Structure formats: structure tokens, C-alpha cells
Chemist: 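After the C-alpha cells below, expect a handful of questions from me.
Every chain is numbered from 1, with letters handed out A, B, ... down the list of sequences. Any value given below was found using the heavy atoms of this structure, including those in side chains, with hydrogens, waters and symmetry copies removed. In this text, all values refer to a predicted model and were calculated from it rather than measured experimentally.
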2 protein chains.
Amino acid sequence: MPVRSAEPKAVPIAETFERVFGLLRRALPPDDLSLTAASTLHRLEQHGDRRLTELAGLEGVTQPAMTQLVSRLERSGLVVRRADPLDGRVVLVQITPDGLGVLRRRRAIRAARLTSLLAGLSEADRSAITAALPALDRLAGLAPPP
Amino acid sequence: MPVRSAEPKAVPIAETFERVFGLLRRALPPDDLSLTAASTLHRLEQHGDRRLTELAGLEGVTQPAMTQLVSRLERSGLVVRRADPLDGRVVLVQITPDGLGVLRRRRAIRAARLTSLLAGLSEADRSAITAALPALDRLAGLAPPP
DNA sequence: TATTGTTATACTCTATAACTATA
DNA sequence: TATAGTTATAGAGTATAACAATA
């Protein structure tokens with residue numbers, strides 16, 4: 001009986017990831033940021049101001065979708081649009097102190113919830129998850145097929 | 001310098017999960033099912049017909065949201081609504097052969113994409129991810145705070 | 001009266017197509 | 001002409017509140 005190579009493993013991995021997504025979605029505080037909004041803010045925090053088109057590419061959404069997301073974030077005071085002195089067409093997006101505060105609060109809330117969930121696992125399970133984090137980060141960092 | 005207990009670990013775990021979510025989202029075929037729709041179909045496939053309210057609870061969405069999701073799925077021919085002969089108020093949701101086919105196709109596409117991504121990792125990373133799957137499944141299966 | 005589900009309404013998030021402004 | 005971004009429009013997906021039907 002042949003043991004096939006990489007393909008069969010992908011199915012259970014994909015299904016587990018979808019279940020983890022369900023966990024993320026259900027653990028989202030009701031009137032919190034969407035996952036895309038949070039990811040965008042996180043990127044602006046980590047890597048500084050970015051052009052709108054660049055953000056759209058990094059987040060894997062269209063330019064109009066990012067225009068609208070940035071507009072919503074700006075309306076909420078979490079980012080501001082700035083002009084690029086070198087190119088009049090460009091919009092630079094910058095996170096505000098309020099935006100940083102929202103990220104900080106959100107992180108604390110999610111960490112607390114996740115901590116209480118992790119408490120329901122065995123120490124071995126927690127270790128297995130911790131051990132996989134670097135690998136998962138590398139997986140998530142691989143350029144997805146555009 | 002004190003090493004604090006469980007709380008600090010939750011932050012990197014939550015952030016890695018969000019990055020994996022980004023991967024999932026970007027790898028979604030353009031005109032495919034939403035993650036919630038897919039999860040609902042998957043549940044109907046695995047566990048048989050379910051009542052609408054039960055599905056809403058399992059997926060962590062409201063009853064009206066599930067009414068609408070089921071309506072969209074029914075319009076697309078992926079599920080049907082059936083009456084419960086024992087209770088005239090109840091709607092039983094059943095997956096159709098077309099729904100099963102969509103799940104099968106979708107699984108194959110996602111597995112192929114994930115396989116090509118996994119090929120970009122080291123064998124050690126792939127092993128770490130595989131080793132964490134049961135733990136992640138248990139984590140995702142824990143009842144989230146309602 | 002309580003439960004099951006739907007309808008009404010509103011907002012976020014996303015897409016494609018058409019447009020404006022700048023280079 | 002090409003690039004950066006916005007506006008227009010449409011649809012999925014979600015929520016709360018109000019409603020209808022059945023138990």
C-alpha cells in the first residue's frame with residue numbers, strides 16, 4: 001500500500017485551520033475591529049506609514065476596498081491620510097495614538113480570552129501549539145498565489 | 001526579572017493565528033464560499049440534517065444571520081429546507097448532492113494550494129505543524145465564551 | 001407564554017467598473 | 001499614456017428589533 005507524499009496531508013491541515021478560524025471569529029468582541037482592519041493597523045504600527053495601494057497589496061484586498069477601509073478607520077480616528085510631498089497622487093496612511101491604543105486594548109482582551117481557552121488544554125497540547133508557532137509564522141509569511 | 005505565567009504566551013499565539021487567518025483569506029478562491037458558509041456545509045455533511053437555530057448556535061452567529069445564510073445556500077442549490085413532521089415550527093436544513101460536490105471541489109483546490117505553500121517550508125516546520133494539529137483541533141473545539 | 005423562524009433595517013466588507021488627478 | 005486613488009454600485013455577511021406561526 002503506497003504512502004502518498006505531500007498532498008494528503010494538506011486536507012487535515014486546511015480543515016484544522018478553518019476550525020481555528022471559527023474560534024477566532026467567535027472570539028471576536030462584538031463591536032471590535034474586523035480582522036482585516038486589525039491586520040492593517042498592526043502593519044502600520046510595526047512598519048510605519050504606508051501608501052494606500054501598498055496596503056491593499058499587502059492585505060490582499062483591492063484598492064477600492066482599502067480606500068474604504070482607510071476611510072472607515074479615519075472616520076473612527078484610528079488613522080490619518082497624509083500627502084506625499086514627492087508625488088501628489090500618493091496617499092500615505094498613518095496610525096494615530098488612538099489607533100495604537102485600540103490595538104493595545106484589543107491585544108489584551110484577546111490574550112485574556114485565549115489564555116482562558118488554553119487553560120482548558122493539557123500541558124502537552126499547549127507545548128505542541130507553542131512549538132508550531134514559528135513554523136506557522138513562516139507559513140503565513142510565504143507569498144500567497146496572487 | 002520575573003517570568004510571568006500563562007498570560008504573556010497568549011499574545012504571540014493570538015498574533016500568529018491572525019496571520020494564519022490572513023493566509024486563509026488570501027488563499028480563498030474569488031467566487032468561493034465564505035468561511036462561515038463552508039463551515040456550515042461541512043457540519044451538515046459530517047453530522048447530518050440540523051435545525052436552523054442549532055446551526056446558528058454551532059457557528060456562533062445569530063438566528064437571523066443563519067436564516068439568511070441558509071437562504072443564500074438554498075438559492076444556490078447547496079442545501080434545502082425541510083419541515084419537521086414532529087414540530088411545525090422547526091426548519092431542518094439538509095445538504096444537497098450539489099452541496100457535497102462543492103465541498104469536495106473546494107477541498108481539493110485548497111489542499112493543492114496549501115500543499116504548494118507547505119513545499120516552501122522545511123521538513124522540520126512541516127512536522128511541527130502536523131504535530132500541533134490535534135492540539136489545535138482541541139483548542140478550536142473548546143466552547144468559546146458565549 | 002415560550003420557542004422557532006422570518007422580515008425589516010442598517011452597517012461593514014468586499015468586488016468590478018467608471019471616473020479624476022497627477023506624473 | 002500610465003499610475004494613484006476615489007466614487008458608484010452591487011452583493012455577502014452580520015447585527016438588533018419587531019413580527020408571525022406553532023407549541
Chemist: To the nearest 0.5 Å, what is the distance between OG1 on B/Thr96 and CG on B/Leu44?
Modeler: 10.0 Å
Chemist: Between A/Ser39 and A/Leu35, is there a donor-acceptor pair closer than 3.5 Å when you use the side chain of the first and the backbone of the second?
Modeler: no
Chemist: Determine: side-chain N/O of A/Thr67 to OP1/OP2 of D/dT7, distance under 4.0 Å, yes or no.
Modeler: no
Chemist: Mind calculating the distance between CG (B/Leu78) and P (D/dA12) to the nearest angstrom?
Modeler: 12 Å
Chemist: Is the backbone of A/Leu55 close enough, under 3.5 Å, to the side chain of A/Arg43 for a donor and an acceptor to pair up by distance?
Modeler: no
Chemist: CD of B/Gln68 versus P of D/dA12: gap in Å, rounded?
Modeler: 11 Å
Chemist: C/dT12, OP1 or OP2 - any side-chain N/O from A/Ser34 closer than 4.0 Å?
Modeler: no
Chemist: B/Glu59 CD to D/dT14 P: how many Å, rounded?
Modeler: 9 Å
Chemist: Within the pair A/Thr62 and C/dT14, is there a side-chain N or O less than 4.0 Å away from OP1 or OP2?
Modeler: no
Chemist: Over how many whole Å does the gap from A/Arg81 atom CZ to D/dG5 atom P extend?
Modeler: 10 Å
Chemist: Mind calculating the distance between CZ (A/Arg82) and P (D/dG5) to the nearest angstrom?
Modeler: 13 Å
Chemist: Categorize B/Arg72 for me: base, sugar-phosphate, or nothing, with a 4.0 angstrom heavy-atom threshold over every strand shown.
Modeler: base
Chemist: Of all the choices, D/dA12, D/dT14, C/dC13, which nucleotide is nearest to the side chain of B/Arg75 once you look at every atom?
Modeler: D/dA12
Chemist: May I ask you to verify whether the side chain of B/Arg89 and the base of C/dT3 hold a donor-acceptor pair under 3.5 Å?
Modeler: yes
Chemist: For A/Leu52 and C/dT20, give me the distance from atom CG to atom P, rounded to whole Å.
Modeler: 19 Å
Chemist: Respond yes when some side-chain nitrogen or oxygen of B/Thr53 is under 4.0 Å from OP1 or OP2 of C/dG5, and no when none is.
Modeler: yes
Chemist: Where the side chain of A/Gln63 is defined as all heavy atoms beyond and including C-beta, which of D/dG5, C/dT6, C/dT14 is the nearest nucleotide?
Modeler: D/dG5
Chemist: How long is the line joining CG of A/Leu92 and P of D/dA4, in whole Å?
Modeler: 12 Å
Chemist: Give the rounded distance in Å between these two atoms: CG of B/Leu86 and P of D/dA21.
Modeler: 22 Å
Chemist: A/Val70 and A/Leu103: same hydrophobic cluster, using ILVMFWY side-chain contacts below 4.5 Å?
Modeler: yes
Chemist: Choose from D/dA4, C/dT7, C/dT4 the nucleotide whose nearest atom is closest to any side-chain atom of B/Pro64.
Modeler: C/dT7
Chemist: Starting at the 5' end of DNA chain C, which residue's closest nucleotide do you reach first, B/Asp87 or A/Leu69?
Modeler: B/Asp87
Chemist: Between the side chains of A/Glu15 and B/Arg107, is the shortest nitrogen-to-carboxylate-oxygen separation below 4.0 Å, so that they form an ion pair?
Modeler: yes
